Every structure is written in structure tokens, then in C-alpha cells.
Amino acid sequence: MSILNFGSLNLDYTYRVPHIAAPGETLTSRSLEIRPGGKGLNQSVALARAGARVCHAGLIGEDGRILEEVCRESGVDTKFIGVSDVRTGNAIIQVDDGGQNCIILFPGANRAVDEEFADRVLEAFGAEDHILLQNEISSLPYIIVRAWERGMKIILNPSPMDERLKECDLEKVWLFILNEVEGAQLTGMKEPEKILQEMRRRYPGARIVLTLGSDGSMYSEDGNTLRQEIFPAETVDTTGAGDTFTGYFITEYLASGDAAAALRSASMASSIAVARKGASEAVPEMEEVIRMLRERGSL
Ligand code: RIB
């Protein structure tokens, strides 16, 4: 069994700012760092560092070869990372003094993913495999249908949420991992319990993980709900913390089937990540997560 993560790869241009720029305001940043990112890449790195067998599929431009290297060095199988004529996707990220961020995406090569490329990748996977998807690449509706036809279990992190997601057949999703903002946009509900209730009503066969920022996270399946508090940490940069959570949750959940244990290690991994700069660079190794859980008496 392996995990195919068909997702974005971005160059993150991260600007440290005293506060997030307001409309009409010109703000001078304190620094600029260019780092590997993209929800897809970050989640592949998190899966690999958590111990999963992961293959990343996606497209970069000639200017993004470093992103393939980052994946490879983290233990991700990169044979389906292709190079297109379009420039690599990038993100303009403001990070304020409180570690909060604000992101503008330029999709670039991530939106050059077409049906032909998708078919070529999916041919190598079958019913014993899982596919992880986010909403930063093109051809998502097609990939969902084709992966499902091949019997793959579909895991969807519907982020960033936009109109394109309405074209996807979400009834084919096996596991949703979403935050409360995405949950509210998808269901029209505000309260976490109501979001889960509505998700269960619409997608009765799916498992659902709902992350709630500083209020922790929840897991719901067959009407049973689990809750996990966060492990408090000093926040330096929240970029990619959700991606770290996603990679860790999936790895533990697929390995043990224990959703409570998966929520616990995902929470610890993301709390370590928010205390560090960057997205994929902030993802901890599994040994560190286990050590921290032991230190906090949670293992
Ligand atoms: O989730 C964080 C990621 O979102 C960043 O790395 C950025 O590239 C955007 O895709």
C-alpha cells in the first residue's frame, strides 16, 4: 500500500511584516525568504517524515527543480513530478509578529496538470493505494473520478476552498481533512458539531477530520466523534501547520486505524511546526514527535 499525493509544488516568498497589510497600505517587510512550499509538497514531506510510503505527482517549471530535490531528500518518491513549460507555482506570504499569515497564490505549473498527465500517473496505482488531494492543481474533478474508478481510497483536503470544488464529486471521498473555515464554506454551518453533522448527512460513508485552530481538532465516523486538544506552543509561523497535521494524521491513521492516536500525533507535529519558520522545512521527524509526546506524558 502506498499513498499517491497528487498536489501542488510552490516556491514560497515569505515576507516578515509587523502586521498583515491593510487595503491601500504600503508596508515595508523586515525580510524575504524563499522557501519550498505548496500544500501538496508540504503534505508529502509530512507524510514521509511521519514514516509513510508516499509518491508525489505534480508539475513544476524549470525554475522549480529545487522542489523536486526537497521532496527526494525527505524520502518522497518523485518519479511523477514533471517539468512543464509554465513557470513554477508560487505563493506570496506575509507573516506577522504573532506568526499569523496571509497568502496569495500564483498557480503556475500546478494548473498545467491535464487529463493525459493524470492518466499516466494513475495507471501506476490501484485498489490497494490511497490518493491524497488538495485544491491547488487543475483537473481535480477528473482525477477524483478516475482514482475512484481504479478503486483507490480518496483523501481530500479541500484547501483552498473555491468555486472549482463544486465541480468535484465529493461523494467519492473516503476521508475529508478540513478546517472550520472550509467546513463552514462547504456546509453553511458555523458550529463545529453542526459542520460535522451536515458533513455526515451529505457524505455518510466518509470519515471526517475537522481542525479548529487553537481549539484543537475533531474526528467523526459513523456518528462517533473524538476530540483532541492542541499542545500549546509559542507561535513563530503558522504556514503549513495544517499540512503537517494532515500528513501526520494520515500516516498514523492508515498504519494503525486508531483515529485518537492519529489526532494526538498530528496535533503534536503541528504544534512543533508552528514554533518554527517555513512550511515544509518546519515539519518535524516522527522521532521528535514521539519524544515530545512522551515528555508531555501523552504516550
Ligand atoms: O499551506 C501552506 C501552503 O499554502 C504554502 O506553502 C503555500 O505555498 C500555499 O500553497
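Heavy-atom basis, side chains included; hydrogens, waters and symmetry copies ignored. Since the model is a prediction, treat every value here as computed from it, not as a measurement.
Each side chain to side chain donor-acceptor pair (under 3.5 Å) pair with one or both residues in residues 113-126, not counting sequence neighbours, appears once here: Asp119-Tyr142. Sorted by first and then second residue, the pairs that involve residues 254-267 and meet side chain to side chain donor-acceptor pair (under 3.5 Å), not counting sequence neighbours, are Glu252-Ser256. Residue pairs meeting the salt bridge (charged side-chain N to carboxylate O under 4.0 Å, His left out) criterion with at least one partner in residues 266-284, sequence neighbours excluded, are Arg35-Glu281, Arg276-Glu288. Annotation: salt bridge (charged side-chain N to carboxylate O under 4.0 Å, His left out) contacts involving residues 236-249, sequence neighbours excluded, are absent.
More than 12 non-hydrogen atoms from other residues, nucleotides or ligands lie less than 6.0 angstrom from CD of Glu25. Within 6.0 Å of the CZ atom in Arg72, the count of heavy atoms belonging to other residues, nucleotides or ligands exceeds 12. Surrounding CG of Asp97 are more than 12 heavy atoms belonging to other residues, nucleotides or ligands, all under 6.0 Å away.
For Ile20, the side-chain contact (heavy atoms from CB on, under 4.5 Å) partners are Gln94, Asp96, Cys102, not counting sequence neighbours. Residues forming a side-chain hydrogen bond (donor to acceptor under 3.5 Å, both in side chains) with Gln185 (at least two apart in sequence, or on another chain): none. For Ala269, the side-chain contact (heavy atoms from CB on, under 4.5 Å) partners are Thr244, Tyr248, Pro284, Val289, not counting sequence neighbours. With sequence neighbours left out, the side-chain contact (heavy atoms from CB on, under 4.5 Å) criterion links Ile66 to Leu11, Glu69, Val70. Residues satisfying the side-chain contact (heavy atoms from CB on, under 4.5 Å) test with Asn101, not counting sequence neighbours, are Ile93, Val95, Ile103, Thr238, Thr239. For Tyr13, there are no ring pair (Phe, Tyr, Trp, His ring centres under 6.0 Å) partners at least two apart in sequence or on another chain.
For Lys194 and Glu198, the salt-bridge test fails: no basic side-chain N is under 4.0 Å from an acidic carboxylate O.
The CG atom of Asn42 lies 11.0 Å from the CG atom of Leu47; values are rounded to the nearest 0.5 Å. With values rounded to the nearest 0.5 angstrom, Lys153 atom NZ is found 7.5 Å from Arg207 atom CZ. Leu133 contributes atom CG, which lies 11.0 Å from atom OG of Ser8 (distance to the nearest 0.5 angstrom). Interatomic distance, Ile195 CD1 to Thr187 OG1, rounded to the nearest 0.5 Å: 5.0 Å.
Checked by atom type and distance alone, the side chain of Arg296 never pairs as donor or acceptor with a backbone atom of Phe231 at under 3.5 Å. Remark: side-chain polar atoms of Asn5 are not paired, donor with acceptor, to backbone N or O of His56 under 3.5 angstrom. Between the side chain of Thr251 and the main chain of Gly51, no donor-acceptor pair closer than 3.5 Å is present.
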Less than 3.5 Å apart, which donor and acceptor atoms pair up between the side chains of residues 169-178 and the rest of the protein, not counting sequence neighbours?
| from | atom 1 | to | atom 2 | distance (Å) |
| --- | --- | --- | --- | --- |
| Asp169 | OD1 | Glu171 | N | 3.1 |
| Asp169 | OD2 | Lys172 | NZ | 2.6 |

Side chains of residues 208-219: which donor-acceptor partners sit under 3.5 Å, not counting sequence neighbours?
| from | atom 1 | to | atom 2 | distance (Å) |
| --- | --- | --- | --- | --- |
| Tyr219 | OH | Glu221 | OE1 | 2.5 |
| Tyr219 | OH | Tyr253 | OH | 2.8 |

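Taking all atoms of both residues into account, the shortest heavy-atom contact from Val86 to Ala112 is CG2-CB, 4.1 Å. For the pair Gly40 and Gln134, the tightest heavy-atom approach, listed with the atom from each and the gap, is CA-OE1, 3.5 Å.
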*Step by step, work out the side chain to side chain contact (heavy atoms under 4.5 Å, CB included) result for Ile155 and Ile3.*
CA-CA 10 Å; Ile155 304 172; Ile3 301 166; 5.6 Å; no
